[in-house]
Structure formats: C-alpha cells, structure tokens
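All values derive from a computational prediction rather than experimental measurement.
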Amino acid sequence: MNRKELKEEKEKLRTLSLKGKCWYLWAYYKIPILLTLSVIFLFQQAIGAFLRSRQDCMLYCAFINQSYAGEANLEDLKKDFYVSKEFSKHQVLTFDASINLTDALYSNASSILFQSLIGTDTVDIVITKEEIMELYHDQDIYLNLNTVLSEDSLSFLSEELYYNTNAGGQLIPMGIYLKNSILPSGYGLDEDSILSICTLENHPEIIKDFIAFIFPAVSL
C-alpha cells in the first residue's frame, strides 16, 4: 500500500463510528488478523509446553466460553484444589480460559489451538456449554463416562449427565452438568456449564479427584 492509499484509508476510518471501524477492519483485514492471532496462540502454546516440560502438570482444564468477568475465581478454584491435594512445588495445575470458540474475531484461531491441545492429549478436562459440546460430537473428543467412572459414581450423577447418541442409537454419557456442583455458587461459573473428560493419558486419578472435589458427595 503506497502513501496515497494509506492516507485514503485513514480518512475513511476517521469518518466511521467505532462499530463501523471494527466491521471495516474485520471485513478487509480478516486473513492477516486471523494469521496473527493464530501465531500468537501457537507461540503461547509452545511456551506453555516448554514450561510444562520442566514441571509435572497434574491437571489441564480448559474453560471454554465462560461468561464470568476475569480469572480471579479460577485462581481461587486452582488454589483450593491444589491445597486439598497437597501437591509438591513441581506439580502444577493449568486452568486455561483463553479459548473462545464462538467469538467471530477469535474462534478460528481458538479452534486451531483447541484442536492442537486435544490432538496432543494435553487437555484432560473441558468445561464449556452445550453448544460447544455439540460442535465436537462426531470428533471423538469426549470420553464415554461409562468407561471412566464407577457404576456408583454414575448412579449418583445420573440426574447430572449429558448424553450423546452414538451411531447405533444408544445414549452415551459424555459430560456432567455442573449446576449442582460447587462451581457456580462457589466460583462463579455459569450454571449451564458441562464438564467432559478428553483423555486419561496423563493423571486419570487427578481427574477423578477433581470431580469428587466439585461434587463432594461423590465417591470415586
């Protein structure tokens, strides 16, 4: 872009409202914006992977599309669970609230990051909304809870289970509604949130401990 074109662009932007400027920039510079965001997300993930390689990440929980303000409640949740398990200083918890899969500006970059995290068995637990759960029904991201939790646990949580229908028409429990857990009242998470398990490759016992922590009456 030469100096004259740049000047014309500035003049055009100056006449637009804030909403109009955002729409204009998104409409004409969508690709470079997405590429930049993707690079930033992947760079953050690379740094995170390096740091995790020097520590033992006991639980990676992705909080996707939560509407609470800030991350103070997540820090409190992390601290309380960390203390309850008496982890050592080399054992860490990762509570990631950076992924947004419905925002028009960030969804593509977030989707790339999320798929990368899932593909490398990094994410142990996802806490999100039903609309996001439905996006990935057919991608084998969520584990069948029948193969993870005990019959007693499933029985206790029977009223809280989120189901998906498999190819044979069977209802498979793929998540746990969190309305009656301690997370909405104690830590400000949305009541319509759902917890799903994505892998047992890291520390499956800690996943069960976390579920027992947020549902204190559950024996796992």
Side-chain angles (χ1 to χ4, degrees), residues 41-42 44-66 71 73-99 101 110 113-128 132-133 136 139-157 160-162 164 172-178 180-184 186-187 189 193-220:
F41 272 125
L42 292 174
Q44 289 177 331
Q45 179 56 26
I47 294 297
F50 172 74
L51 293 175
R52 287 193 297 276
S53 70
R54 304 183 64 182
Q55 299 174 313
D56 188 3
C57 183
M58 304 303 292
L59 181 70
Y60 193 117
C61 187
F63 293 81
I64 301 176
N65 289 48
Q66 288 292 318
E71 297 184 12
N73 290 341
L74 283 189
E75 287 302 315
D76 290 342
L77 173 60
K78 182 194 293 187
K79 180 180 69 175
D80 292 346
F81 182 58
Y82 191 92
V83 170
S84 74
K85 296 303 298 175
E86 298 182 345
F87 292 122
S88 74
K89 63 180 181 179
H90 298 295
Q91 296 174 314
V92 299
L93 306 173
T94 299
F95 286 6
D96 184 355
S98 68
I99 302 172
L101 295 175
S110 285
L113 173 62
F114 183 56
Q115 295 284 2
S116 173
L117 291 171
I118 293 296
T120 54
D121 285 327
T122 300
V123 176
D124 301 300
I125 288 175
V126 166
I127 292 179
T128 189
I132 303 301
M133 293 288 292
Y136 296 96
Q139 299 187 34
D140 295 325
I141 285 179
Y142 319 120
L143 298 185
N144 180 346
L145 296 183
N146 285 326
T147 66
V148 178
L149 303 181
S150 67
E151 288 187 13
D152 288 344
S153 299
L154 289 170
S155 176
F156 179 87
L157 295 167
E160 323 295 339
L161 296 177
Y162 167 87
N164 182 29
I172 306 298
M174 308 295 285
I176 306 168
Y177 284 101
L178 299 178
N180 293 319
S181 75
I182 65 173
L183 297 186
Y187 300 96
L189 269 73
S193 297
I194 300 170
L195 179 151
S196 61
I197 299 172
C198 299
T199 184
L200 297 176
E201 294 298 317
N202 302 308
H203 298 282
E205 73 284 359
I206 303 301
I207 294 174
K208 294 179 180 181
D209 289 343
F210 182 72
I211 295 173
F213 178 79
I214 63 176
F215 287 99
V218 176
S219 176
L220 300 174

S.K.: Can you find a heavy atom in the side chain of Ile125 that is under 4.5 Å from one in the side chain of Leu59?
M.R.: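 They are in contact (side-chain heavy atoms under 4.5 Å apart), so the answer is yes.
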S.K.: Got a donor-acceptor contact below 3.5 angstrom from the Ser84 side chain to the Phe81 backbone?
M.R.: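 Side chain of Ser84 to backbone of Phe81: a pair is present.
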S.K.: Using the rule side chain to side chain contact (heavy atoms under 4.5 Å, CB included), only one of Thr199, Leu200, Ile206 pairs with Asp124; which is it?
M.R.: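 Result: among Thr199, Leu200, Ile206, Thr199 is the only option passing the side chain to side chain contact (heavy atoms under 4.5 Å, CB included) with Asp124.
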S.K.: Does any non-hydrogen side-chain atom of Leu189 lie less than 4.5 Å from one of Leu74?
M.R.: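 Yes - at least one pair of side-chain heavy atoms lies under 4.5 Å apart.
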S.K.: Do the side chain of Tyr187 and the main chain of Ile182 share a donor and acceptor less than 3.5 angstrom apart?
M.R.: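 No.
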S.K.: Would you say that Tyr177 contacts Leu161 through its side chain, given a criterion of any heavy-atom pair below 4.5 Å between the two side chains?
M.R.: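 The answer is no, as the side chains (C-beta and beyond) never meet within the 4.5 Å cut-off.
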S.K.: Under a 4.5 Å cut-off applied to non-hydrogen side-chain atoms, are Phe87 and Leu93 in contact?
M.R.: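 Side chain of Phe87 against side chain of Leu93, heavy atoms only: contact under 4.5 Å found.
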S.K.: Hey, is Lys208 close enough to Glu205 for a salt bridge, meaning N to O under 4.0 Å?
M.R.: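 Not counted as a salt bridge, because no side-chain N and carboxylate O are separated by less than 4.0 Å.
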S.K.: Tyr142 and Ile132: which non-hydrogen atoms are nearest, and at how many Å?
M.R.: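 Closest pair (atom of Tyr142, atom of Ile132, distance): OH-O, 3.3 Å.
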S.K.: Where do Leu154 and Leu149 come nearest, in terms of heavy atoms and distance?
M.R.: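 Minimum heavy-atom separation between Leu154 and Leu149: CD1-O, 3.9 Å.
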S.K.: Heavy atoms, side chains only, cut-off 4.5 Å: are Leu195 and Ile211 in contact?
M.R.: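 Yes, close enough: below the 4.5 Å cut-off.
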S.K.: If I compare all heavy atoms of Cys61 with all of Ile127, which pair ends up nearest, and what's the gap?
M.R.: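 Reported closest heavy-atom pair: SG-CD1, 3.8 Å.
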S.K.: To the nearest 0.5 Å, tell me how far Cys57 SG sits from Gln91 CD.
M.R.: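 Nearest 0.5 Å value for the SG-CD distance: 10.5 Å.
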S.K.: For the residue pair Asp209 and Lys85, establish whether any side-chain heavy-atom pair is separated by less than 4.5 Å.
M.R.: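 Heavy-atom side-chain distance check passes, below 4.5 Å.
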S.K.: Run the side-chain hydrogen bond (donor to acceptor under 3.5 Å, both in side chains) check on Thr94 and Asp96 step by step: do they pass?
M.R.: CA-CA 6 Å; Thr94 299; Asp96 184 355; over 6 Å; no
S.K.: Going by atom types alone, do Tyr60 and Asn202 pair a side-chain donor with an acceptor below 3.5 Å?
M.R.: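 Their side chains do not contain a donor-acceptor pair, so the 3.5 Å distance test is not met.
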S.K.: Taking the side chain as every heavy atom from C-beta outward, state whether Ile194 and Ile176 have any atom pair closer than 4.5 Å.
M.R.: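 Not touching, per the 4.5 Å side-chain cut-off.
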S.K.: State, with a plain yes or no, whether a side-chain heavy atom of Phe63 is found less than 4.5 Å away from one of Val126.
M.R.: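 No, side chains not in contact.
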S.K.: Can you tell me if Tyr82 uses its side chain to pair, donor with acceptor, with the backbone of Ser88 under 3.5 Å?
M.R.: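 Checking the backbone N and O of Ser88 against the side chain of Tyr82, a donor-acceptor pair under 3.5 Å is found.
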S.K.: CG/Asp80 to CG/Asp76 distance, rounded to the nearest 0.5 angstrom?
M.R.: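 Between Asp80 CG and Asp76 CG, I get 6.5 Å after rounding to 0.5 Å.
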S.K.: Mark yes or no for whether Thr120, through its side chain, and Ser116, through its backbone, hold a donor-acceptor pair below 3.5 Å.
M.R.: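 Checked: pair present.
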S.K.: What's the separation between atom CD1 in Ile172 and atom CG in Asn144, rounded to the nearest 0.5 Å?
M.R.: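 So the CD1 of Ile172 and the CG of Asn144 are separated by 5.0 Å.
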S.K.: Taking all non-hydrogen atoms of both residues, which atom of Ile118 and which atom of Cys198 are closest, and how far apart?
M.R.: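 Smallest heavy-atom distance, with atoms named: CD1-SG, 3.9 Å.
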S.K.: Looking at every heavy atom in both Met174 and Met133, which two are closest together, and how far apart are they?
M.R.: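 Here Met174 and Met133 meet closest at O-CE, 3.9 Å.
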S.K.: Rounded to the nearest 0.5 Å, what separation is found between the OG atom of Ser181 and the CZ atom of Phe213?
M.R.: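 Separation between the atoms: 10.5 Å.
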